[in-house]
Participant: 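Sharing a structure below in structure tokens format, with a few things to ask.
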Amino acid sequence: MARMGARSYVNRVRVRIAVAVEHCAPTMMAEDPPIRLRFAPSPTGALHIGGARTALYNWLATRHSGGELVLRIEDTDRERSTEENVEQILDAMRWLELSWDEGPVSQASRSERHGEALKRLLDSGAAYRDSATAKEVEAWKQEHGADRGYRGEPTDEPGAAVRLRVPDEGETVVEDLIRGPVSFPNRSYDDFVIARGDDSVLYNFAVAVDDAEMEITHVVRGDDHLSNTPKQLLVLAALGHAPPRYAHLPLLHGPDGRKLSKRHGAASVQELRDAGYLPAAVRNYLALLGWGADDDATLMSTEELVERFRIEDVGRAAAIFDEKKLRWINGRYMREMSLDEYTAAVASYLGREVDERLRAACEIAQEKAQTLAEVWPLIRFIFEPPVEDEKSWRKVMKEDAGALLGAAREVLAGIDEFDARTVEEALTPLPERFEVKPGRLYQSIRVAITGSTISPGIFESVAVLGRDESLARIDAAIARL
RNA sequence: GCCGCUAUCGUCUAGGGGACUAGGACGCCGGAUUCUCAGUCCGGAAACCGGGGUUCGAAUCCCCGUAGCGGUACCA
């Protein structure tokens, strides 16, 4: 039974697509009934991973069905909503490459419409003014039982808040696309406040009015709103509007199982960007948090995600954000990029211009980095002097280092061409001649030219550095021994 | 407190009464490869929260418990 709602919806979607394909394949989306979703963050902080996933799911669901996505900013709390936060959210959306078709609409800018709706409810008696304070409400509940919602007394007192009348009998049922029908007893809800004493409206009222007037057909949002939904349904009913379909996504938690927050590391979209992740990889990973393709596919292009994503396939249990898997996915995306794309991404991350040198550096590092942040440590020796790393030096520069480096210098000075292949051919005979393992020679050169024991392949590294600079650094190392 | 949601390897998940010896992926462990680090390849360990039902048969359906989470604002 719990699945019926979701199933019948699924069937409808399938039938619709089948019909559309049959009749007008090239423009099948144009024939779809108008689907309108909205992503409605409140600008009280940066867009966090949870919000980003909600945005992504809204976007995927919209694009999958060829509908429209409205971006609405829930800024009715003027105290906490700031311009900077709004800009941060837009910035995060753009970085994630999630487009919207309408907005951003400021909810606060719609206050006139909210006022009209409020007046209608007041006039019809569906809502009333009540001057009770929080303390008085609490006292009322003490008296009437904890499972009993507050019921107030109408007053004409100016400055009294406006409450919606909630019936004592019956229940309000949320037909959730992910969870099936969820019913809430009406008597457990307070006659909740829908407008402050100054008639400015509150969240649950504004959302209901806006969703209805903006003709939103599907509301996809976090699970934390499930318990609020009956209130919105009650407002909608009082106003005579048909409710949208709802889909409540399971929440995202940090590695400790608790709600995601600052101390969980890269918690905001901006932090993800700074950590060197690729937007496409983040989309791929986020899509997998709470949803999976039926064949367990892990790596999916955004097109594939759009194609396969269905809101009713989203899971019901909260998921934990695990950066390890994101890293792995990101590494896969990094390696699959063309060299031009890769170079452009690295340049943009580093704030450098694309040039041949950077391109050559990227070419030898692409296989080795999992994030954009990991690229620079691998290639900086090409742009800057070797790093000072006493540990690496002591570990590698033993007694035989001078002889090895001297021999390496000599053969490198003597070759005609200076590319990875010729460098390799020149150096390969040396270990045998000195009766040492190849690693001794290569690590000595590596530390000489990069300062570190970690770098891209040694032949490539020497080649990209160039003959003059490589010889100079080897000379400097010999001198220092 | 009250109202509600959720529960499969450490993590993300597959699973819709028999195809389950519970599958895949990340991570972890071991091996191979290489000049380092990565990467790649191969192998391994690793889970149905507990208890009752229903049924010939339950990871799957129902109930109870437990735990986690959410809501319970003149916040969103």
Side-chain angles (χ1 to χ4, degrees), chain A residues 3 7 40-44 74-77 79-81 107 130 132-134 137 141 145-149 159-163 174 176 179 182-185 187-190 192-198 200-204 206-207 222-231 248 250-251 253 255 257-259 285 288-299 315-329 331 335 365-370 374 377-378 392 396 424 427-428 431 437-447 450 452-459 461:
Chain A
R3 282 289 179 178
R7 282 202 157 260
S42 62
T44 52
E74 311 272 35
D75 53 0
T76 50
D77 182 347
E79 308 263 303
R80 296 197 294 160
S81 304
Q107 189 164 54
D130 177 47
T133 62
V137 170
K141 285 194 190 179
D147 63 334
R148 187 85 165 73
V162 180
R163 290 181 185 272
V174 179
D176 196 274
R179 288 161 212 287
V182 183
S183 45
F184 299 81
R187 61 177 271 135
S188 70
Y189 279 91
D190 292 340
F192 55 99
V193 176
I194 57 177
R196 302 181 178 92
D198 64 1
S200 63
V201 300
L202 260 27
Y203 175 76
N204 284 120
V207 166
D223 198 21
D224 48 342
H225 291 288
L226 182 56
S227 304
N228 282 147
T229 308
K231 297 181 187 175
H248 287 94
L251 261 19
H253 292 164
R258 304 192 60 87
K259 207 177 169 180
Y285 174 69
L288 257 19
L289 270 189
W291 171 83
D294 45 16
D295 63 353
D296 276 328
T298 303
L299 266 2
R316 296 186 293 270
I320 292 175
F321 173 71
D322 174 27
E323 203 173 335
K324 294 247 181 66
K325 192 162 185 173
L326 206 210
R327 287 184 66 82
W328 175 79
I329 290 177
R335 271 170 263 128
Q366 183 167 9
E367 283 284 294
K368 311 175 89 68
Q370 252 177 333
E374 289 171 5
L378 289 170
S392 295
V396 171
E424 178 171 5
L427 293 176
T428 303
K437 286 202 205 148
R440 290 225 32 78
L441 197 228
Y442 300 141
Q443 281 301 74
S444 298
I445 300 174
R446 177 168 277 119
V447 171
T450 72
S452 162
T453 52
I454 299 171
S455 86
I458 194 64
F459 311 124
S461 294

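Values below: all heavy atoms of this structure, side chains included; hydrogens, waters and symmetry mates excluded. Order of the sequence lines sets the chain letters (A, B, ...), proteins ahead of strands, with each chain counted from 1.
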Participant: Does rC29(B) pair with anything, Watson-Crick or G-U wobble, both distances under 3.5 Å, and if so, with which nucleotide?
Facilitator: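 Result: rG43(B).
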Participant: From the set rU36(B), rC3(B), rC74(B), return the single nucleotide nearest to any side-chain atom of Leu202(A).
Facilitator: rC74(B)
Participant: From the list rU36(B), rG10(B), rA76(B), which nucleotide is the closest neighbour of the side chain of Asp322(A)?
Facilitator: rG10(B)
Participant: Roughly how many Å is it from CG in Leu226(A) to P in rU6(B), rounded to a whole number?
Facilitator: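 Atom CG in Leu226(A) sits about 9 Å away from atom P in rU6(B).
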Participant: Expressed as a whole number of Å, how far does the C1' atom of rU72(B) sit from that of rC12(B)?
Facilitator: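 Here rU72(B) and rC12(B) have their C1' atoms 31 Å from each other.
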Participant: Ile194(A) vs Asn204(A), test: side chain to side chain contact (heavy atoms under 4.5 Å, CB included). Steps then yes/no.
Facilitator: CA-CA 7 Å; Ile194(A) 57 177; Asn204(A) 284 120; over 6 Å; no
Participant: Tell me if the side-chain of Asn228(A) makes a donor-acceptor pair with the base of rA76(B), cut-off 3.5 Å, by modelled atom types.
Facilitator: yes
Participant: Quick one: does Lys324(A) reach the base of rC26(B) with a side-chain donor-acceptor pair under 3.5 Å?
Facilitator: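 Checked by distance alone, the answer is no.
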Participant: Rounded to whole Å, please give me the gap between NZ in Lys325(A) and P in rG24(B).
Facilitator: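 Taking atom P of rG24(B) as the reference, NZ of Lys325(A) is at 13 Å.
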Participant: Counting the atoms with a prime plus P, OP1 and OP2 as sugar-phosphate, which does Ile458(A) contact under 4.0 Å by heavy atoms, base, sugar-phosphate, or nothing?
Facilitator: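 Ile458(A): base contact, heavy atoms under 4.0 Å.
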Participant: rU8(B) and rG44(B): how far apart are their P atoms, nearest whole angstrom?
Facilitator: 25 Å
Participant: Expressed in whole Å, how much space separates the C1' atoms belonging to rC74(B) and rU6(B)?
Facilitator: 32 Å
Participant: Would you classify Tyr203(A) as touching base, sugar-phosphate or nothing, given that sugar-phosphate means primed atoms plus P, OP1 and OP2, and contacts are heavy atoms under 4.0 Å?
Facilitator: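 Base, at least one base atom sits under 4.0 Å.
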Participant: Just call it for Ser183(A): base, sugar-phosphate, or nothing, with non-hydrogen atoms closer than 4.0 Å on any strand.
Facilitator: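 Here Ser183(A) touches the backbone only, sparing every base.
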Participant: Using Watson-Crick or G-U wobble geometry with both distances below 3.5 Å, tell me the partner of rU34(B), or none.
Facilitator: none
Participant: With sugar-phosphate meaning primed atoms plus P, OP1 and OP2, does Phe459(A) contact a base, only sugar-phosphate, or nothing at under 4.0 Å between heavy atoms?
Facilitator: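 Phe459(A): base contact, heavy atoms under 4.0 Å.
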Participant: Heavy atoms under 4.0 Å, any strand shown: does His225(A) hit a base, just sugar-phosphate, or nothing?
Facilitator: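 If one applies the 4.0 Å heavy-atom cut-off, His225(A) turns out to touch a base.
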Participant: CG of Asp223(A) versus P of rG4(B): gap in Å, rounded?
Facilitator: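 Rounded to the whole Å, the gap is 14 Å.
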Participant: Would you kindly give the CG-to-C1' distance between Asn204(A) and rC74(B), to the nearest whole Å?
Facilitator: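 Nearest whole value for this atom pair: 13 Å.
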Participant: Using a cut-off of 4.0 Å on non-hydrogen atoms, how would the nucleic acid contact of Ser455(A) be classed: base, sugar-phosphate, or nothing?
Facilitator: base
Participant: Report the residue (Ala369(A) or Gly290(A)) whose heavy-atom-nearest nucleotide on RNA chain B is the more 5′ of the two.
Facilitator: Gly290(A)
Participant: Where the side chain of Arg196(A) is concerned, which of rU11(B), rC2(B), rC75(B) is the nearest nucleotide?
Facilitator: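 Of the candidates, rC75(B) comes closest.
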Participant: If I pick the C1' atom on rC41(B) and the same atom on rU34(B), what distance separates them, to the nearest angstrom?
Facilitator: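 That atom pair is separated by 13 Å.
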Participant: When rounded to the nearest Å, what value does the distance between C1' atoms of rA47(B) and rC26(B) take?
Facilitator: 16 Å
Participant: Which nucleotide, in any strand shown, forms a Watson-Crick or G-U wobble pair with rG68(B), with both distances under 3.5 Å?
Facilitator: rC5(B)
Participant: Using a 4.0 Å heavy-atom cut-off, does Arg335(A) contact any base of the nucleic acid, only the sugar-phosphate backbone, or nothing at all?
Facilitator: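 Sugar-phosphate contact only.
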Participant: Could you check whether Arg163(A) pairs with Asp190(A) (Lys NZ or Arg NE/NH1/NH2 to Asp/Glu carboxylate O, under 4.0 Å)?
Facilitator: no
Participant: Backbone N or O of Val182(A) within a donor-acceptor pair of the Asp176(A) side chain at under 3.5 Å?
Facilitator: no
Participant: Choosing from rA73(B), rC74(B), rC12(B), which nucleotide comes nearest the side chain of Asp190(A)?
Facilitator: rA73(B)
Participant: To the nearest Å, how far apart are His253(A) NE2 and rU11(B) C1'?
Facilitator: 14 Å
Participant: Hey, is the main chain of Trp328(A) close enough, under 3.5 Å, to the side chain of Tyr285(A) for a donor-acceptor pair?
Facilitator: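 Checked: no pair found.
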Participant: Test your reading of the model: is there a side-chain donor-acceptor pair from Arg179(A) to the backbone of His248(A), 3.5 Å cut-off?
Facilitator: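 Such a contact is found between Arg179(A) side chain and His248(A) backbone.
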Participant: Return the 5'-most residue of the pair Ser188(A), Leu288(A) with respect to RNA chain B, ranking by each residue's nearest nucleotide.
Facilitator: Ser188(A)
Participant: Look at all strands and tell whether Pro185(A) reaches a base, only sugar-phosphate, or nothing, counting heavy atoms closer than 4.0 Å.
Facilitator: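 Answer is sugar-phosphate: Pro185(A) comes under 4.0 Å of backbone atoms only.
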Participant: Report the distance from atom CZ of Arg446(A) to atom P of rU34(B), rounded to the nearest whole Å.
Facilitator: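 Rounded to the whole Å, the gap is 15 Å.
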Participant: Calculate, to the nearest 0.5 Å, the distance between atoms CG and CD1 belonging to Leu427(A) and Ile445(A) respectively.
Facilitator: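 The distance works out to 4.5 Å.
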Participant: At under 4.0 Å between heavy atoms, what does Asp198(A) touch on the DNA or RNA strands: base, sugar-phosphate, or nothing?
Facilitator: nothing
Participant: So, Ser461(A) side chain and Pro456(A) main chain: donor-acceptor pair closer than 3.5 Å or not?
Facilitator: yes
Participant: Without hydrogens or angle criteria, can the side chains of Arg446(A) and Thr450(A) be said to hold a donor-acceptor pair below 3.5 Å?
Facilitator: no
Participant: Report the nucleotide, chosen from rC5(B), rC2(B), rU36(B), that has the shortest atom-to-atom distance to any side-chain atom of Ala146(A).
Facilitator: rC2(B)
Participant: Compare the minimum distances between each of rC26(B), rG71(B), rA73(B) and the side chain of Ser227(A), then state the nucleotide with the smallest one.
Facilitator: rG71(B)
Participant: Strictly by Watson-Crick or wobble contacts shorter than 3.5 Å, is anything paired with rG16(B), and which nucleotide is it?
Facilitator: none
Participant: Check for a donor-acceptor pair, side chain of Asp147(A) on one end and backbone N or O of Ser188(A) on the other, with a separation under 3.5 Å.
Facilitator: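 Such a contact is absent between Asp147(A) side chain and Ser188(A) backbone.
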Participant: Between rC48(B) and rA32(B), how far apart are the two C1' atoms, rounded to whole Å?
Facilitator: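 After rounding to an integer number of Å, I get 35 Å for this pair.
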Participant: Roughly, in whole Å, what's the span from CD1 in Ile194(A) to P in rC75(B)?
Facilitator: 13 Å
Participant: When you compare rC49(B) with rU11(B), how far apart are their P atoms, in angstrom units rounded to a whole number?
Facilitator: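 Those two atoms are separated by 12 Å.
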Participant: For Thr76(A), report the nucleic acid contact type (base, sugar-phosphate, nothing); a contact means any heavy atom under 4.0 Å.
Facilitator: sugar-phosphate
Participant: Could you tell me whether Gly197(A) contacts a base, only the sugar-phosphate backbone, or nothing, with contacts defined as non-hydrogen atoms closer than 4.0 Å?
Facilitator: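 The answer is base, as Gly197(A) lies within the cut-off (heavy atoms under 4.0 Å) of a base atom.
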Participant: What is the pairing partner of rU55(B), taking Watson-Crick or G-U wobble pairs with both distances under 3.5 Å in any strand?
Facilitator: none
Participant: Considering every strand shown, what is the Watson-Crick or G-U wobble mate of rC48(B) when both distances are under 3.5 Å?
Facilitator: none
Participant: Find the distance Lys141(A):NZ to rA73(B):C1' and express it as a whole number of Å.
Facilitator: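 Atom NZ in Lys141(A) sits about 11 Å away from atom C1' in rA73(B).
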Participant: Taking rC29(B) as the reference, what is the distance to rA67(B) when you measure between their P atoms (whole Å, please)?
Facilitator: 34 Å
